[in-house]
Amino acid sequence: MNVVETREQLAAARAAARGTVAVVMTMGALHEGHAALLRTARAEADTVLLTIFVNPLQFAPGEDFDRYPRTLEADLALAREAGVDIAFTPTPQVMYPQGPPAVRVDPGPAADQLEGASRPGFFHGVLTVVNKLFQLTRPDVAYFGEKDYQQLGMIRAMVRDFDLPIDVRGVPTVREPDGLALSSRNRYLAPAERQAALVLSRALRKAAQAPEPVAAGVAEFATEPQVKLDYFVLTDPMLGPAPAHGPARLLTAAWVGGTRLIDNIEVQLP
Ligand code: AMP
């Protein structure tokens, strides 16, 4: 595995890459969810390129940028295990040599709902860094997790609207055996919070079986006073208004103590 930190090193590694090139973008603190993306990439492409970058642009003041877990040595071990060929680990100075960029990707009105409503500027920051990393890594295919379902849709929209020659593929959410979706932020949870956090996946599962999914999901959150619900919504698979029947998506976000978690599942409405 070739670990590169500068643009020059990345360009040399990219120029030497053979066949189809897959990219998996992460903020590090890698877990089995990231590993699933890397293994899928390994199975489907000739060269697997991993990026690890905690992007300051997508954190609002007061969010967890400073305390976001940084575990580079363990991340590189997991990457080697997953068969990564190139790991790009830039510093903010490498990514933003002029400081915060004046020109940013406008995510459009779809970014005003759900995560974008709770975290203003989040998708501007995400799409700007994803666009930059696409330019720097020039992948044929890129893998993103359904765990961040709205983000996956926003990235697909950017690729379509900007005519980027990249095949974006979604990978299903990896969960703990008890249902908790894997997240780098799960490390913040104290044991009692870890237990309380199960309400997210439980509410989604119960809602998916209920005649009134949103009411059922919200009622399940009421059983867990330690957890403060941000949103629990039913949409169509493209995050538009909920359909009367057929495929749909349930999405939720909630605060467990000082930790904000998100989760979502597919549903079939009868
Ligand atoms: P992050 O490091 O949290 O920014 O995530 C990097 C990539 O891994 C994104 O495409 C995420 O959607 C994906 N990812 C994170 N957690 C999971 C999970 N539990 N299952 C599948 N993909 C995930």
Side-chain angles (χ1 to χ4, degrees), residues 22-45 48-60 63-65 67-72 74-76 78-79 82 84 87-90 92 95 114-115 119 122-134 137 139 141-159 166-189 194 197-198 200-201 204-205 239 249 251-253 259-266:
V23 71
V24 173
M25 298 179 187
T26 76
M27 299 206 298
L30 300 186
H31 50 63
E32 274 302 304
H34 301 113
L37 269 60
L38 293 170
R39 283 195 289 264
T40 308
R42 179 72 283 160
E44 296 179 4
V48 178
L49 201 164
L50 163 69
T51 71
I52 299 176
F53 179 58
V54 185
N55 175 33
L57 223 56
Q58 70 192 64
F59 290 81
E63 286 189 348
D64 57 343
F65 175 73
R67 69 176 186 129
Y68 198 85
R70 288 159 172 89
T71 60
L72 186 59
D75 292 350
L76 295 177
L78 182 148
V84 169
F88 179 46
T89 63
M95 284 304 290
L114 305 173
E115 287 306 284
R119 306 181 66 188
F122 173 66
F123 285 118
H124 294 74
V126 169
L127 292 190
T128 299
V129 80
V130 169
N131 198 18
K132 283 169 70 74
L133 288 169
F134 278 157
T137 61
V141 47
Y143 295 86
F144 294 92
E146 290 182 354
K147 158 77 172 23
D148 299 278
Y149 191 78
Q150 187 182 13
Q151 170 176 288
L152 171 61
M154 302 286 329
I155 291 166
R156 285 192 199 282
M158 177 176 74
V159 163
I166 299 163
D167 181 3
V168 173
R169 298 185 191 163
V171 177
T173 301
V174 178
R175 299 176 179 281
E176 301 281 7
D178 60 11
L180 181 69
L182 295 190
S183 164
S184 302
R185 290 189 168 98
N186 291 350
R187 304 170 186 242
Y188 298 150
L189 302 172
R194 166 71 181 72
L198 290 175
L200 278 85
S201 54
L204 290 168
R205 280 198 314 274
L239 298 183
R249 205 87 196 176
L251 304 103
T252 190
T259 304
R260 191 168 177 282
L261 300 177
I262 60 173
D263 199 354
N264 70 89
I265 55 167
E266 187 186 356

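Remember, it's 1-based here, ligands and their atoms both numbered in the order they're listed.
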Notebook entry, point to check: Can you list the steps and then say if F122 with Q150 is a side chain to side chain contact (heavy atoms under 4.5 Å, CB included)?
Noted result: CA-CA 11 Å; F122 173 66; Q150 187 182 13; over 6 Å; no
Notebook entry, point to check: After noting the C-alpha distance and the side-chain angles of M154 and V126, does the key distance pass the side chain to side chain contact (heavy atoms under 4.5 Å, CB included) rule?
Noted result: CA-CA 9 Å; M154 302 286 329; V126 169; over 6 Å; no
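Less than 4.0 angstrom separates some heavy atom of D148 from each of these atoms of ligand 1: 11 (C), 12 (O). Close contacts between ligand 1 and L182 involve ligand atoms 16 (N), 17 (C), 18 (C), 19 (N) [criterion: under 4.0 Å to a heavy atom]. Counting atoms of ligand 1 from 1 in the listed order, those under 4.0 Å from a heavy atom of G145 are 9 (C), 10 (O), 11 (C), 12 (O), 13 (C), 22 (N). Which parts of ligand 1 touch M25 is read off a 4.0 Å heavy-atom cut-off, strictly below it: atoms 6 (C), 7 (C).
When each of H34, E44, R39 is checked for a side chain to side chain donor-acceptor pair (under 3.5 Å) with Y143, only E44 meets the rule.
Counting only non-hydrogen atoms, the option in N55, T51, V171, L37 that gets closest to atom 22 (N) of ligand 1 is L37. The option with the heavy atom closest to atom 21 (C) of ligand 1, from among S184, A36, S183, P172, is P172. Nearest-residue assignment for atom 16 (N) of ligand 1 (options H34, H31, E32; heavy-atom criterion): H31.
Of the charged side-chain nitrogens involved, at least one lies within less than 4.0 Å of a carboxylate oxygen, so that D263 and R175 count as a salt-bridged pair.
Of all protein heavy atoms, the one lying nearest to atom 20 (N) of ligand 1 is V174 N, 2.9 Å. K147 CB, 4.0 Å is the protein heavy atom nearest to atom 23 (C) of ligand 1.
Taking distance alone, with nitrogen or oxygen atoms compared against 3.5 Å, F144 stays at or beyond that limit from ligand 1.
In terms of the side-chain hydrogen bond (donor to acceptor under 3.5 Å, both in side chains) criterion, R205 has no residue partners (sequence neighbours excluded). Residues passing the side-chain hydrogen bond (donor to acceptor under 3.5 Å, both in side chains) test with D178, sequence neighbours excluded: R194.
In terms of heavy atoms, A142 sits closest to F134 at CB-CE2, 3.7 Å. Residues V129 and Q58 come closest through the heavy atom pair CG1-OE1, 4.1 Å.
Contacts with ligand 1 closer than 4.0 Å are made by heavy atoms of both the backbone and the side chain of M27. Heavy atoms of V24 found under 4.0 angstrom from ligand 1: none, in either backbone or side chain.
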